[in-house]
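In what follows, a single structure is set out as structure tokens and then discussed.
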2 protein chains.
Amino acid sequence: MAKSSKLETGRVSIREVAAASGVSTATVSKVLSGRADYPVRAETAERVRRVALELGYVPDVAARNLRTRQTGQLGVVLEAVGASEPDSLLGAMTTSNAVRRTFDGAIMAGLSDAARSLNVPALVVYPGSSGLHHTYLDGRVDGLLVSCDPLRGHQLLQDLAQLPLPVVALWTQRVPPGISSVDVDHTAGARQAVGHLLGLGHTRIAFYGGGQASGVEHFQRREQGYREAMTAAGLSPMAAVHDGDLLVQAIRQGEVSAVFAETDLGAAAVVQALAGAGLSVPADLSLVGFDDILGAEYIAGGLTTVYQPAAEMAAEGVRVLLARLRGKPVSQTLLSPHLLVRRSTAPLNATQLQSLEN
Amino acid sequence: MAKSSKLETGRVSIREVAAASGVSTATVSKVLSGRADYPVRAETAERVRRVALELGYVPDVAARNLRTRQTGQLGVVLEAVGASEPDSLLGAMTTSNAVRRTFDGAIMAGLSDAARSLNVPALVVYPGSSGLHHTYLDGRVDGLLVSCDPLRGHQLLQDLAQLPLPVVALWTQRVPPGISSVDVDHTAGARQAVGHLLGLGHTRIAFYGGGQASGVEHFQRREQGYREAMTAAGLSPMAAVHDGDLLVQAIRQGEVSAVFAETDLGAAAVVQALAGAGLSVPADLSLVGFDDILGAEYIAGGLTTVYQPAAEMAAEGVRVLLARLRGKPVSQTLLSPHLLVRRSTAPLNATQLQSLEN
DNA sequence: CTGTTAGCGCGTTCAC
DNA sequence: GTGAACGCGCTAACAG
């Protein structure tokens, strides 16, 4: 209609609300931003709110961001994603990659739920590529959550530590100074797993793991928990096994009646090795895994395993980050996993006891 | 130092770059925005670029968003996340939920990779709650990608269709008018699966599925593909089976030598039912699943299954959305899945042939 | 053809 | 409770 040189955004602005309620834009802003430290007469506030609602006023995010120099958005960096392994064709996705994605899915779910309930307007996702510069992040988010990939180095965290943003790392305890972390207590989880086996009467408990991926922080902690639990029970920890044939041999010779596997996938490999040798779980071997991956119910008819509280970890991460945004200091948090007892573990039985005595 | 009432952002602004290069801010903007339609002498442009680099100038995202009324961000709605099933405690996560999360992880990975390679600065994630209002989305993103949960209704898409944003739905073909979609061609995948079994000599092929989740779009299409493949081969499709005992009975009576299961999890259930009856895969039954979930390599010693290209679907979704942002029309896309042949399928064997003849 | 001027966009906040 | 400056990049209109 009106021949105007101004851009028409088709939105109701704060000025229109101000005009319609007979106050200044400043007053409208004070009322609607809900800050208690700007006193406005209750009657006025009420009128402004009603008019805003009637007019369908929605504050403009961009303008607010510009003025406040904040976004209300949190960044989520998925380290495993930036690795750019070409896995899209022919299902060439590696298994560990798939595991990561499962967990990232859970992490995203936990983050989204937490963000919504804690009134964080939005999460901004970035792949954890090395080129994750200041440039991309600055101005888009107020802080950063990093879903770390324990299989990779800490280069990403080192880089992110340089940013002028608070950073919370998930799923790791190895963080540069200045970065908060939230991790699962792998050691405690391992102790629970081994404790369960001890409670069933097993004493010859092996740790299955330490393959190519030894050196991985999580796995080291899990083995550490195994050692602690064994030692605390007055038993000698055994050297880690990572070979199905050797394990089968050890079982046959009565040297092993139970195994705590580093991961559920490792446990699945154990089951396959035993099956190939005509042995079964839990009759010949009690088996505990770690992770509770998708499909764990179908490993050995139901794998007893340590559940990692990924969603809770994510939620805690959001809380920690918001706290930092409010000035709280850097912190390190550990969350206890818990044991899911299914059908892959059983009391030490007569047959096992017998071969044990040989 | 200087007693200034201005906010100190500690950033290099376009004005400083302009001053340092001896031109106006307008010129700097023209040079750095890279738009060809604003002619600037090459020499000047070069100087400006150099100065900007030296000063470490980074355009302010908020200011740019405010002026251009665009964000360069795409929204990602995860429908499965908004359902708010309390699954964080005690591992009460349902299996289908876990499957969804796996796929959402893959989707996020695909989206992130695609976004980066297509120069989309950021993805903004939202849980697919019903309260996903205009309010939250408007001004934060230029368009929306929706990772649909086929187990739920289409209410979410109906709501999103009202928004003044282009929307691309992933993982569904049932979309309201005005919404683009990218889905896996479930029917084609099912035809591949059944074709594989036919090629191995099987003719008595059952479809395992149609339980509580019948009515789910994907599953209907998979069953449809089964029917088409059977019919095309001159065979009569059998009624869907969803009971392990009945299936075992049918196998024993020679009525079934192969099964195409609606999902990998369904296939896992079949394996368990057979194991309980002393039957094995693939000796007594050739089995094909659908999904290639994590752990599929461990079902029946390696489940033959239909791989869903989740990451590719996500990448295609980003392309489609960017195209729409450039004015391209609404479109519906189907991506072909492909068969992963592992060890759960084998040629029709003598024993099976014999019981077949009874 | 090259570059400048002068606001615009809109919510927030300081000084009165 | 108000007025007006402010945050900062973009671009239409204009001058040389």
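Numbers restart at 1 for each chain; the letters A, B, ... are given by sequence-line order, proteins then strands.
With dG9(C), dG11(C), dG3(C) as the candidates, the nucleotide lying closest to the side chain of Arg67(B) is dG9(C). Checked against dG1(D), dG7(D), dT11(D), the side chain of Ser29(B) finds its nearest nucleotide in dT11(D).
OP1 or OP2 of dC8(D) has at least one side-chain nitrogen or oxygen of Arg69(A) nearer than 4.0 Å. Regarding contacts with the backbone of dT12(C), a side-chain N or O of Arg64(A) is found under 4.0 angstrom from either OP1 or OP2. At the phosphate of dG1(D), OP1 or OP2 sits under 4.0 Å from a side-chain N or O atom of Thr44(A). A close approach under 4.0 Å does occur between a side-chain nitrogen or oxygen of Arg41(A) and OP1 or OP2 of dG1(D). Contact between the side-chain N/O atoms of Ser33(A) and the OP1/OP2 oxygens of dG11(C) is not found at any separation under 4.0 Å.
Side-chain N or O atoms of Ser33(A) include one that pairs as donor or acceptor with a backbone N or O of Ser29(A) at under 3.5 Å. For Gln73(B) (side chain) and Arg140(B) (main-chain N/O), a donor-acceptor pair under 3.5 Å exists by modelled atom type.
Rounded to an integer number of Å, the gap from CD of Gln70(A) to C1' of dC8(D) is 17 Å. We find that CZ of Arg15(A) is positioned 13 Å from P of dA5(D), with the value rounded to whole Å. Atom-to-atom, CG of Leu66(B) to P of dG11(C) comes out at 9 Å; the value is rounded to the nearest Å. In this entry the distance linking CG of Leu32(A) with P of dC10(C) reads 16 Å, nearest Å. If you take CZ of Arg11(A) and P of dG9(C), they are 13 Å apart, rounded to a whole angstrom. Taking atom CD1 of residue Ile14(B) and atom C1' of nucleotide dG7(C), one finds them 15 Å apart after rounding to whole Å.
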Show each protein N/O and nucleotides 2-4 of chain D N/O combination with a separation under 3.5 Å, one pair to a line.
unit_1 : atom_1 : unit_2   : atom_2 : d
dT2(D) : OP2    : Ser24(A) : N      : 3.1
dT2(D) : OP2    : Ser24(A) : OG     : 3.2
dT2(D) : OP2    : Thr27(A) : OG1    : 2.4
dT2(D) : O4     : Lys30(A) : NZ     : 3.1

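A 4.5 Å side-chain heavy-atom check between Asp183(B) and Ser181(B) finds every atom pair outside the cut-off.
Between Arg47(B) and Ala63(B), the residue anchored nearer the 5' end of DNA chain C, judged by the nucleotide with its closest heavy atom, is Arg47(B).
Between Glu43(A) and Arg47(A) no salt bridge is recorded (no basic side-chain N to carboxylate O distance below 4.0 Å). One finds no salt bridge joining Asp60(B) and Arg67(B) here, because no Lys/Arg side-chain nitrogen approaches an Asp/Glu carboxylate oxygen to under 4.0 Å.
Checking Val61(B), Thr68(B), Leu66(B) one by one against Arg64(B), the side-chain contact (heavy atoms from CB on, under 4.5 Å) holds for a single residue, Thr68(B).
When only modelled atom types and interatomic distance are considered, Asn65(A) and Thr71(A) share no side-chain donor-acceptor pair under 3.5 Å.
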